Amino acid sequence: MNIVDIIEKKRDKKELSSEEIDFFINGYVNDTIKDYQISALLMAIVLNGMNVKETSNLTNSMMNSGDIYDLSMIEGIKCDKHSTGGVGDKTTLILAPLLASAGIKISKMSGRGLGHTGGTLDKLESIPNFNINLEIDDFIKQVNEIGIAIIGQSANLVPADKKLYALRDVSGTVQSIPLIASSIMSKKLASGSDAIILDVKVGKGAFMKTIDEAKELAKLMVMIGKDLNKDIKAVITDMNRPLGFAIGNNLEVIEAINTLQGNGPKDLEELCLRLGSIMLTQAKKADDVKQAYDILKEKINNNEAFNKFRDLVIAQGGDVSYVDDPSLFDKAKYEINIYANEEGFLNDIDALSIGKLALELGAGRHTKEEAIDYSAGVYLHKQLGEKIKTNDFLATLYTNKDNENVFIKLFKDAIKISSNKIEKEDLIKTIIQ
């Protein structure tokens with residue numbers, strides 16, 4: 001078998017066999033096939049696509065390129081959740097303990113943020129001493145004991161994806177639905193969970209800009225899961241606007257704590273309840289989504305969900321006093337308050353622009369090596385569609401950088417106040433199962 005023949009085959013819009021896919025994945029991981037050859041193949045895939053069978057075979061080959069976690073020692077159905085990335089997306093911080101409080105085993109492996117999207121691990125590490133590097137035996141033990149653990153991926157989990165993703169990032173081949181689907185699903189399936197819900201973001205602040213693209217990606221990932229005998233469901237959710245009020249690491253942890261106590265933004269709470277209701281039925285803990293919703297709502301009302309978050313923080317070495325008293329979190333040197341200079345309705349809060357602003361404030365990374373400022377970020381004081389009066393309090397920017405005028409301009413460029421009110425769209429667009 002020859003890599004040039006495989007490149008030419010995909011160049012000519014032909015289907016690659018599972019053996020050919022295994023050959024180029026194994027060759028790339030083992031350094032017997034060069035970057036420039038894989039770059040050519042990736043571009044051929046971007047231009048000519050892959051069918052479901054090819055994408056499923058690619059996912060399987062990538063999944064088997066490194067460690068596959070055996071979670072059979074965890075009692076019951078193991079559940080996981082993945083988001084394709086967004087702005088202010090602290091859903092995992094709420095959803096995971098909420099589901100664990102209802103008896104689901106949450107064995108979650110999360111990632112870091114890069115660019116304008118935030119990472120769950122970075123948010124958790126804003127809690128002093130929180131340890132995201134558990135050995136697999138300790139991970140399994142913790143899930144069995146308290147029902148939840150959230151850790152980073154091991155260095156040898158799907159090494160093919162690590163190499164391919166880095167190459168795609170510098171070769172103009174990121175935007176390919178088969179490559180995105182195989183990247184996500186190979187990691188999720190290698191992590192060993194029985195049931196997975198995929199939160200596919202769509203809109204300005206997401207990788208998928210249109211509902212058609214999001215549906216195509218969601219359907220493909222669900223089909224891959226079924227092909228590999230996993231219970232996968234996908235929910236397409238809006239990312240034209242930030243999720244909740246807080247964007248930035250410890251700001252989002254604080255908002256998650258408030259939501260677990262029933263005092264968070266209602267749109268964020270509703271999204272977590274609806275996603276959780278689907279997962280509760282997947283795990284056979286409820287007969288239908290209505291019953292599941294009521295169960296989860298009660299877990300917030302009776303404080304069990306919040307207490308499960310405390311259990312998670314304590315189990316992974318975090319300083320739980322910050323959870324009990326969020327005023328302990330580090331404060332940024334500068335707090336920049338922004339007020340409205342016109343009247344009307346807040347008809348746009350551009351998620352991508354707000355995410356990029358948070359990045360410039362210090363809340364994100366331009367490169368993987370860059371340090372994050374856990375205290376930096378944006379806090380919105382108005383929601384989409386609200387009536388705005390002159391001098392109304394719109395937002396607070398938190399940063400340790402002295403660049404106030406630039407930051408204020410970036411924020412004001414990200415919003416739109418106009419005379420006619422628009423209707424706020426539902427966060428959940430559709431469900432693929």
Side-chain angles (χ1 to χ4, degrees), residues 1-72 80 82 84 109 153-194 196 198 213 216-232 234 432:
M1 203 170 289
N2 186 301
I3 185 61
V4 176
D5 292 339
I6 294 172
I7 294 168
E8 291 175 346
K9 190 173 180 181
K10 182 47 64 178
R11 179 201 65 193
D12 297 335
K13 303 181 181 180
K14 295 177 182 177
E15 179 181 320
L16 301 182
S17 69
S18 62
E19 292 79 12
E20 288 168 328
I21 291 171
D22 284 342
F23 176 82
F24 84 73
I25 288 294
N26 291 334
Y28 190 44
V29 170
N30 296 325
D31 296 322
T32 58
I33 298 176
K34 303 302 181 185
D35 276 356
Y36 61 83
Q37 293 173 310
I38 296 297
S39 292
L41 179 56
L42 290 172
M43 187 58 74
I45 291 170
V46 169
L47 295 175
N48 297 322
M50 281 183 145
N51 62 29
V52 175
K53 183 179 177 183
E54 286 177 291
T55 309
S56 182
N57 286 333
L58 177 59
T59 302
N60 193 53
S61 184
M62 291 168 63
M63 178 180 73
N64 286 292
S65 67
D67 294 339
I68 296 178
Y69 287 118
D70 178 6
L71 302 183
S72 59
D80 196 358
H82 176 80
T84 56
M109 296 177 193
Q153 294 163 355
S154 78
N156 202 40
L157 187 80
V158 196
D161 180 64
K162 292 181 177 67
K163 292 194 71 172
L164 283 174
Y165 192 89
L167 189 60
R168 286 165 58 207
D169 196 38
V170 296
S171 61
T173 54
V174 170
Q175 287 302 106
S176 161
I177 286 177
L179 294 177
I180 293 170
S182 58
S183 173
I184 293 170
M185 293 303 294
S186 60
K187 295 191 289 283
K188 289 291 104 180
L189 295 171
S191 65
S193 292
D194 302 309
I196 301 167
L198 303 166
E213 287 178 330
E216 185 182 350
L217 176 61
K219 288 176 181 177
L220 182 56
M221 291 192 293
V222 169
M223 284 190 284
I224 291 169
K226 287 180 178 177
D227 194 51
L228 297 173
N229 299 312
K230 293 290 185 179
D231 181 3
I232 310 286
I432 309 292

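From a predicted model like this one, the values you see are computed outputs, not experimental measurements.
Taking Asp31 as the reference, Lys163 meet the side-chain hydrogen bond (donor to acceptor under 3.5 Å, both in side chains) condition, with sequence neighbours excluded. By the side-chain hydrogen bond (donor to acceptor under 3.5 Å, both in side chains) test, Lys230 is found to be paired with no residue, residues two or more places apart in sequence or in another chain being considered. Asn229 pairs by the side chain to side chain contact (heavy atoms under 4.5 Å, CB included) definition with nothing, not counting sequence neighbours. Taking Asn64 as the reference, Asn60, Ile68 meet the side chain to side chain contact (heavy atoms under 4.5 Å, CB included) condition, with sequence neighbours excluded. Remark: Lys219 engages no residue in a side-chain hydrogen bond (donor to acceptor under 3.5 Å, both in side chains) (not counting sequence neighbours). Taking Ser61 as the reference, Ile21, Asp22, Ile25 meet the side chain to side chain contact (heavy atoms under 4.5 Å, CB included) condition, with sequence neighbours excluded. Checked against side-chain hydrogen bond (donor to acceptor under 3.5 Å, both in side chains), Asn26 has no partners two or more places apart in sequence or in another chain. Partners of Asp12 by side chain to side chain contact (heavy atoms under 4.5 Å, CB included), not counting sequence neighbours, listed by chain and number: Lys14.
Note that the CG atom of Asn2 and the CD atom of Glu20 stand 10.5 Å from one another [nearest 0.5 Å]. Residue Thr59 holds its OG1 atom at 11.5 Å from CE of Met223, rounded to the nearest 0.5 Å. Taken to the nearest 0.5 Å, the CE atom of Met185 stands 5.5 Å off from the CG atom of Leu198. Between atom CG of residue Leu157 and atom OG of residue Ser191 there is a gap of 7.0 Å, rounded to the nearest 0.5 Å. The CD atom of Glu19 lies 8.5 Å from the CG atom of Asn57; values are rounded to the nearest 0.5 Å. To the nearest 0.5 Å, atom CZ of residue Arg168 and atom CD of residue Gln175 are 8.5 Å apart.
Looking at every heavy atom in both residues, Ser193 comes nearest to Leu71 through N-CD1, 4.2 Å. Of all the heavy atoms in Ile45 and Met50, the pair that sits closest is CD1-CE, 3.8 Å. Of all non-hydrogen atoms in Met62 and Ser183, the two that sit nearest each other are CE-CA, 4.0 Å.
Counting heavy atoms from C-beta on, the side chains of Leu217 and Met221 come closer than 4.5 Å.
Pairs engaging residues 173-193 under the salt bridge (Lys or Arg N to Asp or Glu O under 4.0 Å) rule: Asp80-Lys188, Asp161-Lys187 [sequence neighbours left out]. Note on residues 42-52: no pairs pass salt bridge (Lys or Arg N to Asp or Glu O under 4.0 Å), not counting sequence neighbours. Sorted by first then second residue, the side chain to side chain donor-acceptor pair (under 3.5 Å) pairs that include residues 45-55, not counting sequence neighbours, are Lys10-Glu54, Glu15-Asn51.
The backbone N or O of Pro178 sits less than 3.5 Å from a side-chain atom of Ser182, completing a donor-acceptor pair.
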With side chain to side chain contact (heavy atoms under 4.5 Å, CB included) as the criterion, how do Ile7 and Phe24 come out once you've worked through the C-alpha distance, each side chain's angles and the decisive distance to 0.1 Å?
CA-CA 10 Å; Ile7 294 168; Phe24 84 73; over 6 Å; no
Determine, step by step, whether Thr173 and Ser171 satisfy the side-chain hydrogen bond (donor to acceptor under 3.5 Å, both in side chains) criterion, reporting the C-alpha distance in whole Å, the side-chain angles of both residues, the deciding distance to 0.1 Å, and the verdict.
CA-CA 6 Å; Thr173 54; Ser171 61; 2.9 Å; yes
CA sep, side-chain torsions, deciding dist, call: Asn30, Thr32, side-chain hydrogen bond (donor to acceptor under 3.5 Å, both in side chains)
CA-CA 6 Å; Asn30 296 325; Thr32 58; 5.7 Å; no
Check residues 33-43 and write down every donor-acceptor pair under 3.5 Å in which the side-chain atom is one partner and the other belongs to a residue at least two apart or another chain.
from: Asp35; atom 1: OD1; to: Tyr28; atom 2: OH; distance (Å): 2.7
from: Gln37; atom 1: OE1; to: Lys34; atom 2: N; distance (Å): 3.2
from: Ser39; atom 1: OG; to: Asp35; atom 2: O; distance (Å): 3.0

